[in-house]
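Just so it is clear: chains get the letters A, B, ... in the order the sequence lines come, proteins before strands, and each one is counted from 1. All heavy atoms count here, side chains included; hydrogens, waters and symmetry mates do not. In this text the structure is predicted, and so the values were computed from the model without any measurement.
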Amino acid sequence: MHHHKQYQCSVCGHIYDEAEGDPDTGIAPGTLWEDIPDDWRCPECGAEKSAYNLLA
Amino acid sequence: MQIVIIGSGVAGVSFAEKYRLLSPNDEITLVTRERDGYYSRPLLSRGFTMADIEHTIILKPFDKLRDSNINVLCGVDVTAINRTDKSIAIHADGQDIALHYDKLILAQGSSAFIPPPFRPYEKLFFCLNSLVDLKTLRQFRQGFLNQNQRPSWAIVGGGLIGCEVASDLAVAGDNVTLFHATDRLMERQLVSEDSDLLQKVLQDSGVKVLLNQAVTEFIKEDGKVCVKTDAKSEFDGLLVACGFKPRTGLAESAGLETGRGIKVNQQLQTSDESIYALGDVAELPDGKLYAFILPIRNQALWLAEFLAGQKQDDWKPPAFNPKAKVHGFEAAHPYNV
């Protein structure tokens, strides 16, 4: 069982939780961070995927 | 060239960082009254349920901006804009200093709007508009938790922020009553079907929702605060969430054209050609103000490119879908923005 991680957008604070995914932008619950396409953007502020950091 | 930015929210910081990348030789100074660093305003609405929020909310310490060669003057109040000699007057550590600019970017954001009838009672209620506000609220709440009590809250205003905070406090375990003036929640952003759904989600999380409430007065009695409508009910804490008011005071005093916000043209330029405005404070020619993160960041990046000579066209609002941070609520229709 994979332990779900959370990633935070460094621009706006949006949190991507692997358990929840982001259904509005087509990311199904349970999607791992590394499986999200590189052109995916923060749903809240539009920042690039690279603007996210792992939330400890 | 000396670029001065007033405000350290997403507008000011996004602009500063982007402009820094594009124009390595210009001097950039960001002036802000904040002291805690660049923080996430949307996360204020998760201030009671999120673990370690007072740290998680800080996205960038000011020192990190300084490392990128952006001067940051924090904990500073700007007292005037002097357009004749192109400088701003700032008050810091008991001293008055003038700071020259070639281009001035106004990005002061907005404060909480307090309806005039509530203004005489300002000592009786909280607002949630900044990290300082959140810390004050959390400290007040902690006083109850320390005694194994749960505070009862009245939230006045069922717009976006009011609904978000009601949801977060209820999910955190407090007793929450939400007073709203009209017949449905978030009526400006949601279709009525989604307002109904939102109401149900809030009620299911324990929020008592009262619609069509004309709140006339707040009264302090025996350590409690009372909200007076046709009836009178008492609470431990009171929070007013009736919308936002762009901080236009400085611009107005300097003689810039203002309306609800600081008036700008399609290139985000104010009525003074050396001064631009961004974010919550900027009122576009069609009368619109953009208060959501995505269009504000888009404005900031656009303006940085424009001033660096990389864009000539007008700024155009991007498509965006805002979303209320209400636990368990998903609107079925797009928001009206």
No hydrogens needed, just list the donor-acceptor pairs between chain B and chain A under 3.5 Å.
residue, atom, partner, partner atom, Å
B:Tyr38, OH, A:Val11, O, 2.4
B:Ser40, OG, A:Cys12, O, 2.6
B:Thr56, O, A:Gln8, NE2, 3.3
B:Leu294, N, A:Glu44, O, 3.4
B:Lys323, NZ, A:Asp24, OD2, 3.2
B:Lys325, NZ, A:Glu44, OE1, 3.0
B:Lys325, NZ, A:Glu44, OE2, 3.0

Would you say B:Asn336's side chain and B:Arg188's backbone share a donor-acceptor pair under 3.5 angstrom? yes

Taking atom CG of B:Leu303 and atom OH of B:Tyr276, what is their separation to the nearest 0.5 Å? 7.0 Å

Is any side-chain heavy atom of B:Leu278 less than 4.5 Å from a side-chain heavy atom of B:Leu268? yes

Measure from the side-chain N and O atoms of B:Arg66 to the backbone N and O of B:Val72, and report whether any donor-acceptor pair falls under 3.5 Å. yes

Does B:Asp204 pair with B:Lys200 as a salt bridge, N-O distance under 4.0 Å? yes

In terms of heavy-atom pairs under 4.5 Å, which option from A:Pro23, A:Gly13, A:Pro43 contacts chain B the most? A:Gly13

Quick one, B:Leu198 and B:Cys163 - any side-chain contact, counting heavy atoms below 4.5 Å? yes

